[in-house]
Amino acid sequence: MNNRLREMRARYGWTQADLARRLEVSRQTVNALETGRYDPSLPLAFRIGRLFGLPIEMIFRDDPSS
């Protein structure tokens with residue numbers, strides 16, 4: 001699944017560790033999300049959306065071309 005997580009994190013000036021702390025996950029989880037090796041659970045996707053103030057559809061895309 002493609003996502004804008006790295007872009008959004010950079011916009012806030014956060015490191016992967018900063019984002020992990022805010023989401024209560026490991027830095028390795030954030031890295032796996034950003035690189036597309038891990039798809040978030042629905043509760044985690046919603047936490048990410050709330051953190052950035054965006055609907056999850058604006059962060060995550062299942063379209064491989066996006």
Side-chain angles (χ1 to χ4, degrees):
M1 178 180 304
N2 293 331
N3 66 70
R4 298 175 51 211
L5 200 51
R6 181 175 288 146
E7 170 193 335
M8 299 304 299
R9 177 176 60 78
R11 204 175 274 184
Y12 282 74
W14 295 340
T15 65
Q16 286 183 344
D18 293 333
L19 180 56
R21 213 173 3 265
R22 286 173 169 81
L23 294 174
E24 299 179 345
V25 299
S26 70
R27 187 203 54 78
Q28 291 83 356
T29 297
V30 170
N31 181 272
L33 287 165
E34 287 186 353
T35 58
R37 291 187 326 248
Y38 174 71
D39 291 336
S41 65
L42 199 50
L44 178 55
F46 278 111
R47 279 201 322 260
I48 292 168
R50 280 192 301 273
L51 180 64
F52 291 114
L54 294 171
I56 59 175
E57 296 87 359
M58 292 194 68
I59 301 170
F60 298 97
R61 294 237 187 249
D62 62 357
D63 177 9
S65 65
S66 60

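Side chains included, hydrogens not; waters and symmetry mates left out as well; all remaining heavy atoms used.
- Counting non-hydrogen atoms of other residues, nucleotides and ligands closer than 6.0 Å to CD of E7 gives a total above 12.
- Distance CG/L44 to CD1/I56: 10.5 Å, rounded to 0.5 Å.
- With sequence neighbours left out, R22 forms a salt bridge (Lys or Arg N to Asp or Glu O under 4.0 Å) with no residue at all.
- Residues E57 and R61 approach most closely at O-NH1, 3.8 Å, considering heavy atoms.
- Residues R27 and A17 approach most closely at CG-N, 3.8 Å, considering heavy atoms.
- Scanning all heavy atoms of the two residues, the minimum distance from V25 to R47 falls at CG1-NH2, 3.8 Å.
- For R37, the side-chain hydrogen bond (donor to acceptor under 3.5 Å, both in side chains) partners two or more places apart in sequence, or in a different chain, are N31, T35.
- In this structure, L5 and I59 approach most closely via the heavy-atom pair N-CG2, 4.4 Å.
- Shortest non-hydrogen contact noted between D39 and L33 is C-CD2, 4.3 Å.
- With rounding to the nearest 0.5 angstrom, the CG atom of L54 is 10.5 Å from the CZ atom of F60.
- Evaluation of the ring-ring contact (aromatic ring centres under 6.0 Å, His included) test over residues 8-27, restricted to residues two or more places apart or in two chains, returns Y12-W14, Y12-F52, W14-F52.
- At least one side-chain heavy atom of R4 sits less than 4.5 Å from a side-chain heavy atom of R11.
- Closest approach of E34 and Q16 over heavy atoms only: OE1-NE2, 2.9 Å.
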